[in-house]
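I have placed the structure first, in the form of structure tokens, so that the comments after it can refer back to it.
Each chain gets a letter, A, B and so on, in the order its sequence line appears, and its residues count up from 1.
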Number of protein chains: 2
Amino acid sequence: MKDILEQLKQQGYKLTKPREKVLEVLMHNHFAISAQDIHQKIKIIDKASVYRVLNLLEEFGLVNIENVNNEKLYCLARDPHHHVICKKCGYSEEVACTYSFDDFKNFINVQHQLTLTGLCKKCSN
Amino acid sequence: MKDILEQLKQQGYKLTKPREKVLEVLMHNHFAISAQDIHQKIKIIDKASVYRVLNLLEEFGLVNIENVNNEKLYCLARDPHHHVICKKCGYSEEVACTYSFDDFKNFINVQHQLTLTGLCKKCSN
DNA sequence: ATAGCTATTGCAAATGATTTGCAATTGTGA
DNA sequence: TCACAATTGCAAATCATTTGCAATAGCTAT
Ligand SMILES: [Mn+2]
Ligand SMILES: [Mn+2]
Ligand SMILES: [Zn+2]
Ligand SMILES: [Zn+2]
């Protein structure tokens, strides 16, 4: 985490409580989590600020994002990976990303967002 | 299209103008399109109804959905495929889906949603 | 340690996509 | 043609996310 805060500082961004707290949550939460749920865990921080931090992290490519049910789920971009998410209970597991989608004729800088949804063992009973 | 309407009728759904019109738009639009844009093209139909039709099609697995900038983009599920979408202008191209993501230990019925975003030729100048 | 400047915050209000309640309308099968 | 349930349009509600703005808090140079 220090690394990330430092990296931001290098870019001229201040080291503030919202940035520290949001990163803390992301660090301790290896799976996909929404802005709302992040805010739930750190109510001292205003929701708007949570969103602002997440958008900053997104700009810097420091988070992976996926969309489920009209909300964005975030997690720190460590190794390239994705998540399988249970549509019913929200439980998710990490899946290594072994794919590359990059050779396009008419596009450059193509990024991929792979969202896998299904039913977890529990919910399929 | 007749096929799809028939298929719905078989399931006990009525053959209505909103369903006909929305399907018509999807038929003639091979790329990813939003509910808003669909409504734009058929203002005779109420926006709420557009959403209701799209949700119905989703239930039946008749559309592919991807999320870009907090809105869902729809297109008829013909052959498995995805889209590369320009982040700047929205231009999109179809990409065949040659991937399979299905063997999971703790999940069943896993569906994938792959969204590719980048910059199109035009916008990268 | 202090002061000053600017980035960043919290708050409240705005936005934009999507959903919902309900009364009026329409498709369907009898 | 009738009757009934499904579906619609409309307006209001929701829900996630963004934004304007005045107050606050980092950072840098005194
Ligand atoms: Mn993760
Ligand atoms: Mn398509
Ligand atoms: Zn589950
Ligand atoms: Zn473009």
### Task
Could you check whether B/L54 gets within reach of a base, just the sugar-phosphate, or nothing at all, counting any heavy atom under 4.0 Å?
nothing

### Query
Between C/dA17 and B/S34, is there an OP1 or OP2 to side-chain N/O distance shorter than 4.0 Å?
no

### Message
Let's test your reading of the model: under 3.5 Å, does the base of D/dG9 pair with the side chain of B/R52 as donor and acceptor?
### Response
yes

### Below 4.0 Å: OP1/OP2 of C/dG10 and any side-chain N or O of A/S49
yes

### Query
Donor-acceptor pair under 3.5 Å: do we get one between A/K14's side chain and the base of C/dT6?
yes

### Message
If you only use heavy atoms from C-beta on, which nucleotide in D/dT8, C/dT18, C/dA12 is closest to the side chain of A/A48?
### Response
C/dA12

### Within 6.0 angstrom of B/K72 NZ, more than 12 heavy atoms from elsewhere
yes

### Message
It should be established whether B/N55 places a side-chain nitrogen or oxygen under 4.0 Å from OP1 or OP2 of nucleotide C/dT19.
### Response
yes

### Task
Scan A/I44 against the nucleic acid and name what it touches under 4.0 Å (heavy atoms): base, sugar-phosphate only, or nothing.
sugar-phosphate

### Query
Reckon B/Y51 has a side-chain N or O less than 4.0 Å from the OP1 or OP2 of C/dT18?
yes

### Message
Taking any heavy-atom pair under 4.0 Å as a contact, classify B/K17: base, sugar-phosphate, or nothing.
### Response
nothing

#### Entry: Residues A/M27, A/I4; criterion side chain to side chain contact (heavy atoms under 4.5 Å, CB included); working and verdict
CA-CA 11 Å; A/M27 287 292 295; A/I4 294 182; 5.5 Å; no

